[in-house]
Amino acid sequence: MDEWQGSTSVIGIVTEARRRQHTACVTPEGAAWLASASAFPRSVEALWSARPGAPSVLPCGKTFDVVNLTALFGRRVLEQLWASGPGSGPVAVHRGRVLLLVAPGTAQRLPALLGWEEWASAVPPMLCHGSGDAVTVPALHEEPDEGCPDGTGISRWVVAPDTRHPWLPGADVLLWACLRAVRAAPATAAAALAGVPGSA
């Protein structure tokens with residue numbers, strides 16, 4: 001079963017409805033925005049014209065940063081962004097990890113903000129990619145991954161870029177989405193929240 005399907009909770013129903021509003025394919029405007037992350041956007045666009053079904057490697061730090069989360073926690077954070085906040089920017093799944101495209105500077109600020117929080121130990125380890133890093137993003141157009149019939153190897157957009165100026169969450173928005181995701185997690189996270197003001 002697709003890991004993005006099947007929740008029967010109210011949050012799951014709202015999340016699924018909002019997910020369906022997003023396209024799984026990158027629009028021309030979204031492609032132009034993605035290409036702007038490169039120092040050579042025309043070269044990137046030429047590569048995409050020749051191979052629209054191939055993933056690409058793009059630098060972080062200029063146009064976007066990336067917060068790289070485990071599949072389960074990433075889904076919980078995404079549900080919180082969609083259900084309790086302003087939504088998300090573009091989101092991809094690559095090699096079983098959730099890639100949240102976020103505002104530049106978030107990769108540096110988010111770990112620092114989490115370091116101040118008593119409940120941060122309940123957050124699974126995350127990778128934050130910022131200036132000087134590069135990430136693999138899915139193809140502009142989704143193609144079946146014949147090598148992985150169970151879907152584990154699929155690289156795809158969950159929320160594809162569809163505008164030249166997408167809203168990207170910053171560190172403060174993600175911090176609270178992480179807190180809500182930890183609170184919504186099963187009882188294993190409850191012990192980490194014991195004694196945190198407002199967690200009851």
With sequence neighbours left out, the residues meeting side-chain contact (heavy atoms from CB on, under 4.5 Å) with Ala103 are Thr106, Leu168
Close side-chain approach of Arg97 to Leu127, heavy-atom, < 4.5 Å = yes
Between the CD atom in Glu117 and the CH2 atom in Trp176, the distance rounded to the nearest 0.5 Å is 5.5 Å
For residues 120-139, the ring pair (Phe, Tyr, Trp, His ring centres under 6.0 Å) pairs (sequence neighbours left out) are none
The reported gap from CG in Leu113 to SG in Cys178 (rounded to nearest 0.5 angstrom) is 10.5 Å
For residues 41-60, tabulate all N or O donor-acceptor pairs below 3.5 Å that involve a side-chain atom, not counting sequence neighbours.
unit_1 : atom_1 : unit_2 : atom_2 : d
Trp48  : NE1    : Ser56  : OG     : 2.5
Ser49  : OG     : Glu45  : O      : 3.0

Correct closest heavy-atom pair for Ser36 and Lys62 would be O-NZ, 3.0 Å
pair Pro166-Phe64: side-chain heavy atoms closer than 4.5 Å | no
Problem set entry | Leu78 side chain near Val91 side chain, heavy-atom distance below 4.5 Å | yes
Contacts of Gln108 meeting side-chain contact (heavy atoms from CB on, under 4.5 Å) (sequence neighbours excluded), chain-then-number -> none
Are any non-hydrogen side-chain atoms of Trp167 and Thr163 less than 4.5 angstrom apart? no
With a 4.5 Å limit on heavy-atom distance, are the side chains of Met126 and Leu114 in contact?
yes
Check: For the side chain of Asp65 and the backbone of Val102, is there at least one donor-acceptor N/O pair under 3.5 Å apart?
Finding: no
So ring pair (Phe, Tyr, Trp, His ring centres under 6.0 Å) across residues 94-118, not counting sequence neighbours, yields none
inquiry  = I want to check something: taking the side chain as every heavy atom from C-beta on, are Leu69 and Val67 in contact at a cut-off of under 4.5 Å?
reply    = yes
Residues at least two apart in sequence or cross-chain that pass side-chain contact (heavy atoms from CB on, under 4.5 Å) with Ala181, listed by chain then number, are Phe73, Arg76, Val77, Gln80
| Would you say Trp157 and Asp162 make side-chain contact, with heavy atoms under 4.5 Å? | no
Q) Can you find a heavy atom in the side chain of Val98 that is under 4.5 Å from one in the side chain of Asn68? A) no
